[in-house]
S.K.: 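First the structure, which I've put down as structure tokens, then a few questions once you've had a look.
Both counts, for ligands and for their atoms, begin at 1 and track the order of listing. Small disclaimer: the values here were computed from a predicted structure and weren't measured. Starting from 1, each residue takes its place in the sequence as its number.
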Amino acid sequence: MAMNFIEKIDKNRVPAHIAIIMDGNGRWAQLRGKERQEGHHAGAAAVRQLVEDALRLGVKYLTLYTFSTENWKRPEAEVAALMVLLFESIEEDLFIKHNVGFRVIGDMSKLPENVRDRLNACAERTANNDAMVLVLALSYSSKWELTEAVRSIASKAKDGDIDPSEITDETIDKALTTSFMPDPDLLIRTGKEQRLSNFLLWQLAYSEFYFTDILWPDFNKEELCKAIYEFQCRQRRYGLTGEQVTNEE
Ligand code: IPE
Ligand code: IPE
Ligand code: MG
């Protein structure tokens with residue numbers, strides 16, 4: 001019999017920040033004899049539902065890997081269709097209604113201007129919303145982000161604004177596009193692969209990883225709660241012994 005994970009999770013210990021690599025749209029469509037594009041549409045519907053479910057569960061930050069810098073190398077028609085879908089999927093009214101803040105991380109300069117303007121406008125209008133923050137990683141890769149951070153720190157050092165011997169991991173945290181939020185507690189990847197695909201390499205240093213074969217369009221509240229349940233069964237030790245952690249609690 002299927003477990004009811006929605007009932008099983010401890011509502012008081014829901015991870016504050018969940019990051020998700022939403023993979024498997026293309027395979028979901030191909031399995032049904034459809035165009036990959038239909039998989040992306042079904043994936044967008046899954047995102048819409050997930051935002052509401054995460055919000056109700058009390059998740060504070062939800063970061064979704066939506067389009068990587070490497071994804072620009074896909075066939076032109078798929079990229080173009082994804083950009084249209086993205087443009088159509090920004091649900092500003094819904095964010096306002098639910099007090100959700102919206103943000104984007106990534107190399108926005110590569111996005112079509114109409115998409116960029118719409119994303120920026122939505123981010124500005126929801127900047128003070130704090131029930132949950134929804135972060136889309138778009139035209140994002142961790143190596144791109146880290147390279148940009150190194151550039152900005154190096155140029156400050158060159159100008160004498162920062163002493164290289166005073167650079168700490170906090171200096172680096174602050175130079176990243178994710179500086180406004182805590183690191184993810186839980187990373188979920190759907191679609192069977194067990195890899196990071198250039199996502200949040202620095203920020204995931206101590207996150208719990210959860211991989212599932214479920215293809216992204218099939219991901220729902222029960223699957224989310226299953227991941228949260230597994231997260232709640234783990235002990236985060238941060239290098240300490242299990243006894244040390246138990247005694248601290
Ligand atoms: C993830 O699904 C969405 C994007 C990367 C834009 P995919 O399109 O990668 O789906 P698969 O991996 O081909 O099934
Ligand atoms: C990762 O999916 C990127 C997103 C989900 C946006 P990919 O489908 O691009 O990952 P790889 O290339 O198979 O690792
Ligand atoms: Mg994929």
Side-chain angles (χ1 to χ4, degrees), residues 17-51 54 61-91 102-112 114-116 118-119 133-148 176-178 181 184 186-204 207-220 223-224 227:
H17 184 176
I18 300 180
I20 308 185
I21 301 174
M22 310 184 290
D23 196 19
N25 292 349
R27 279 163 287 160
W28 183 92
Q30 280 155 355
L31 275 172
R32 287 163 178 75
K34 295 177 174 177
E35 296 291 314
R36 293 178 56 84
Q37 201 35 45
E38 294 200 45
H40 294 314
H41 272 272
V47 170
R48 222 165 289 139
Q49 188 56 52
L50 174 78
V51 169
Y61 296 90
L62 181 66
T63 301
L64 304 178
Y65 202 9
T66 308
F67 193 86
S68 71
T69 54
E70 286 78 16
N71 289 149
W72 288 115
K73 290 180 260 177
R74 290 192 177 192
E76 216 173 291
E78 180 167 344
V79 171
L82 276 167
M83 290 302 138
V84 172
L85 177 63
L86 185 63
F87 184 83
E88 291 169 351
S89 303
I90 307 305
E91 304 226 35
F102 174 80
R103 311 207 40 156
V104 184
I105 56 171
D107 186 357
M108 300 279 281
S109 69
K110 290 226 175 84
L111 294 171
N114 66 330
V115 175
R116 191 168 54 229
R118 183 138 182 190
L119 294 165
V133 179
L134 171 67
V135 184
L136 293 193
L138 260 181
S139 188
Y140 173 90
S141 78
S142 201
K143 288 195 176 184
W144 163 80
E145 176 183 47
L146 286 163
T147 306
E148 289 296 310
L176 297 175
T177 60
T178 50
M181 60 179 169
L186 171 62
L187 170 81
I188 298 171
R189 181 171 185 144
T190 64
K192 208 165 179 178
E193 316 302 347
Q194 304 200 355
R195 54 183 176 240
L196 289 181
S197 305
N198 218 344
F199 188 47
L200 302 176
L201 303 178
W202 171 275
Q203 297 88 336
L204 294 171
S207 309
E208 296 299 325
F209 286 18
Y210 175 87
F211 296 102
T212 171
D213 289 356
I214 296 279
L215 302 172
W216 177 253
D218 292 328
F219 194 80
N220 56 21
E223 295 298 331
L224 173 66

S.K.: Show which atoms of ligand 1 fall inside a sub-4.0 Å distance from at least one heavy-atom site of H40.
M.R.: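 So the atoms of ligand 1 that pass are 3 (C), 8 (O).
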S.K.: If the criterion is any heavy atom closer than 4.0 Å to an atom of ligand 2, which residues make the list?
M.R.: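 Its neighbours under 4.0 Å (heavy atoms only) are I21, M22, D23, Y65, T66, F67, N71, R74, R189, R195, S197, given by chain and number.
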S.K.: Mark yes or no for whether T178, through its side chain, and L176, through its backbone, hold a donor-acceptor pair below 3.5 Å.
M.R.: no
S.K.: Where on Q30 is there a heavy atom closer than 4.0 Å to ligand 1, on the side chain, on the backbone, on both, or on neither?
M.R.: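 Neither; nothing of Q30 gets under 4.0 Å from ligand 1.
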S.K.: Once salt bridge (charged side-chain N to carboxylate O under 4.0 Å, His left out) is applied, what residue pairs with a partner in residues 66-75 remain, sequence neighbours excluded?
M.R.: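 Sorted pair list: R74-E78.
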S.K.: Hey, are the side chains of F209 and L204 touching, using non-hydrogen atoms and a 4.5 Å cut-off?
M.R.: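 F209 vs L204: side chains touch.
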S.K.: Report the C-alpha distance between S142 and W202 in whole Å, list the side-chain angles of each, state the deciding distance to 0.1 Å, and finish with yes or no for side chain to side chain donor-acceptor pair (under 3.5 Å).
M.R.: CA-CA 8 Å; S142 201; W202 171 275; over 6 Å; no
S.K.: Measure from the side-chain N and O atoms of W28 to the backbone N and O of G39, and report whether any donor-acceptor pair falls under 3.5 Å.
M.R.: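 Judged by distance alone, no pair lies under 3.5 Å.
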S.K.: Without swapping roles, check the side chain of Q49 against the backbone of N220 for a donor-acceptor pair under 3.5 Å.
M.R.: no
S.K.: For residues L64 and L134, determine if any side-chain heavy atom of one lies less than 4.5 Å from a side-chain heavy atom of the other.
M.R.: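 L64 vs L134: side chains touch.
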S.K.: Suppose the cut-off is 2.8 Å; which protein N/O/S atoms would you list for the Mg ion (ligand 3)?
M.R.: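 Near the Mg ion (ligand 3), the protein supplies D23 OD1.
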S.K.: Between R36 and ligand 1, does any nitrogen or oxygen pair lie at a separation below 3.5 Å?
M.R.: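 Checking ligand 1 against R36, an N or O pair does fall under 3.5 Å apart.
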S.K.: Could you list the residues that satisfy salt bridge (Lys or Arg N to Asp or Glu O under 4.0 Å) with D218, not counting sequence neighbours?
M.R.: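 Salt bridge (Lys or Arg N to Asp or Glu O under 4.0 Å) list for D218, sorted by chain: empty.
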S.K.: Are the side chains of W216 and V47 in touch, meaning some heavy atoms are under 4.5 Å apart?
M.R.: yes
S.K.: Decide if atom CD of Q37 counts as having more than 12 heavy atoms of other residues, nucleotides or ligands within a radius under 6.0 Å.
M.R.: yes
S.K.: Under 3.5 Å, is there a donor-acceptor pair between the side chain of S207 and the main chain of P184?
M.R.: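 It does hold such a pair.
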